[in-house]
Structure formats: C-alpha cells, structure tokens
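Just dropping this structure here.
Remember, it's a predicted structure, so these values are computed and weren't measured experimentally. Order of appearance sets the numbers: ligands from 1, and atoms from 1 within every ligand. We're numbering straight along the sequence, starting at 1.
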Amino acid sequence: MKFFIDSAEVSQIAELSETGLVDGVTTNPSLIAKSGRDFKEVIKEICSIINGPVSAEVAATDKENMLREGEYLAGLAENIVIKLPMSWDGLKVCKIFQEKNIKTNLTLCFSANQALLAAKAGATYISPFIGRLDDINLDGMQLIADIRAIYNNYSFSTQILAASIRSVNHVSEAAIIGADIATIPPKILHQLVNHPLTDKGIDSFVRDWKSTGQSIL
Ligand code: E4P
C-alpha cells in the first residue's frame with residue numbers, strides 16, 4: 001500500500017518525507033485555506049520535496065474552466081495530479097486529460113457507481129471518502145471493498161486512493177481490503193507506529209540491558 005500525506009502544511013510534509021515512507025501528497029481547497037498560504041506557491045514547494053504524485057484541485061466546477069485550470073496546474077510541476085470533482089463535467093475533463101496524458105484524481109466519491117464512472121473515464125485515482133460516510137452513519141469501509149471488487153472484476157487500472165481517513169484502523173482496514181493507497185493526515189501517520197506494548201517492551205529491554213553492565217560498541 002502506498003502512503004500519501006493529506007496536508008498542505010509544507011513543514012509537516014518535509015518532516016514526514018524524511019521517513020522515506022511517503023509516496024505522494026493530496027491537497028484540497030480546505031487544506032489550502034487552513035494553511036493560509038498562496039495555493040500555487042504551496043503546490044510548487046510540495047512538488048520540490050516529494051518525488052511522487054501531488055494532487056492539486058481545480059476550483060472551477062464547469063468543464064471549460066476546469067480544463068483551463070487543470071492544464072495550468074499540470075504545468076506547474078511534472079508530478080502534479082489534477083484533482084477533479086465527481087460530476088459529469090469532472091468526468092468529461094477526466095477523459096480529455098487521460099487522452100493528453102495528464103494524471104487525474106476524481107475526488108468526493110461516495111458511491112460504487114461513481115467509482116465505476118471514474119474508472120470508465122480513465123481516472124488515474126479515485127478518492128472514496130471513508131470518514132465522511134462514517135460521519136452520516138454509512139459504512140465508508142464497505143465502499144472501499146465494493147470498489148475493490150468492481151475494479152477487480154473488470155481489471156480497471158484506476159487506483160483506489162482511500163481518503164477522509166480519521167483513524168489508524170481506517171488505514172489497516174483499507175490495506176486488508178486492498179486499497180492501492182491511503183491518503184493520511186500527518187497526525188494519524190504519526191500514530192501508526194504506536195502500541196503501548198511496544199513502549200512497555202522497549203522500557204523493559206533497556207532496563208534489563210543496563211542490568212547486564214555490557215556495551216555493544
Ligand atoms: C482527500 O483527498 C481529501 O483531501 C481528504 O481525505 C478529505 O478528508 P476530510 O473528510 O477529513 O476532510
């Protein structure tokens with residue numbers, strides 16, 4: 001499973017990329033607003049830190065303007081992926097970008113049929129939002145499983161990018177189902193390494209090693 005960071009905070013992305021575990025980044029207009037910074041500057045900085053795909057979202061919702069914005073954003077760096085909303089116009093632009101070899105990420109996916117449409121439109125990535133479905137008492141993880149089954153049935157190459165991740169369990173459950181990628185907020189990525197028994201075990205090994213009076217080097 002690939003790990004993308006779901007953030008527009010350049011310092012956090014830089015720090016996490018040092019782990020060597022970060023395969024890409026996703027941003028969205030809300031994350032850009034939260035950063036308080038200029039969109040294009042942030043995207044260029046992220047692309048200079050991360051070699052993998054960096055999703056930048058169009059602001060327009062109509063076909064002509066999404067095309068114009070997407071083409072402009074695609075020119076900012078080689079690793080840009082154009083994030084398009086799930087809509088008929090978004091799907092039309094997705095198909096055009098596929099023909100132009102511009103990578104796309106169809107966002108705000110909340111149903112298996114939407115994911116099917118994205119795959120047929122040639123999307124590079126589909127972003128089903130797990131947490132937002134759970135928020136309204138629906139089963140976000142079941143959507144990941146349904147999309148996995150559909151894509152396997154027809155050998156679609158669109159990659160499943162599990163999004164709106166709110167817990168460490170979302171990451172492991174999406175991995176068990178076979179999502180290709182999880183886009184993870186920095187806080188959750190940090191939490192993935194934690195286990196109380198690991199901390200307890202390290203403490204007792206350190207204590208016992210000291211009691212031997214030995215040193216390795
Ligand atoms: C995905 O690309 C989105 O940026 C993100 O995962 C949305 O998550 P949220 O529902 O926590 O805002």
Problem set entry | Side chains of M141 and D134 in contact at under 4.5 Å (non-hydrogen atoms) |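 The answer is no, as the side chains (C-beta and beyond) never meet within the 4.5 Å cut-off.
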For this session: State the atoms of ligand 1, each with its element, that fall below the 4.0 Å cut-off from a heavy-atom position in A163.
Result: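 By the 4.0 Å cutoff, the relevant atoms are 1 (C), 6 (O).
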Exercise. To the nearest 0.1 Å, how far is atom 4 (O) of ligand 1 from its closest protein heavy atom, and which atom is that?
Worked result: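 Of the protein heavy atoms, N28 ND2, 2.7 Å lies nearest.
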Problem set entry | Heavy-atom nearest neighbour in the protein, as seen from atom 12 (O) of ligand 1, with distance rounded to 0.1 Å |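 The answer is R132 NH2, 2.8 Å.
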For this session: State the atoms of ligand 1, each with its element, that fall below the 4.0 Å cut-off from a heavy-atom position in S164.
Result: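 Answer, ordered by atom number: 5 (C), 6 (O), 8 (O), 9 (P), 10 (O), 11 (O).
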For this session: Taking only heavy atoms of K83 into account, list the atoms of ligand 1 that are under 4.0 Å away from them.
Result: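 Listed by number with element: 1 (C), 2 (O), 3 (C), 4 (O).
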Problem set entry | Taking atom 5 (C) of ligand 1 as the reference point, the nearest protein heavy atom with its distance |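 Nearest neighbour among protein heavy atoms for atom 5 (C) of ligand 1, to 0.1 Å: D6 OD2, 2.9 Å.
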Problem set entry | Any L143 side-chain heavy atom under 4.5 Å of L133 side chain |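 Yes; the side chains approach each other to less than 4.5 Å.
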Exercise. With no hydrogens and no angle check, do the side chains of T26 and S55 hold a donor and an acceptor under 3.5 Å apart?
Worked result: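 No, S55 and T26 have no side-chain donor paired with an acceptor closer than 3.5 Å.
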Exercise. More than 12 heavy atoms of other residues, nucleotides or ligands under 6.0 Å from NZ of K120: is that the case?
Worked result: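 No, the 6.0 Å shell around NZ holds no more than 12 heavy atoms from other groups.
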For this session: Provide, to 0.1 Å, the distance between atom 7 (C) of ligand 1 and the closest protein heavy atom, together with that atom's residue and name.
Result: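 Looking only at protein heavy atoms, the one closest to atom 7 (C) of ligand 1 is F129 CE2, 3.6 Å.
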Exercise. Of the protein's non-hydrogen atoms, which lies at the shortest distance from atom 11 (O) of ligand 1, and what is that distance?
Worked result: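 Scanning the protein heavy atoms, the shortest distance from atom 11 (O) of ligand 1 goes to R166 NE, 3.3 Å.
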Exercise. Counting only heavy atoms not in E78, do more than 12 fall under 6.0 Å of its CD?
Worked result: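 No - once you tally the heavy atoms of other residues, nucleotides and ligands closer than 6.0 Å, there are 12 at most.
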For this session: Answer yes if the side chains of N65 and E69 hold a donor-acceptor pair under 3.5 Å, and no otherwise.
Result: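 Absent: no donor and acceptor within the cut-off.
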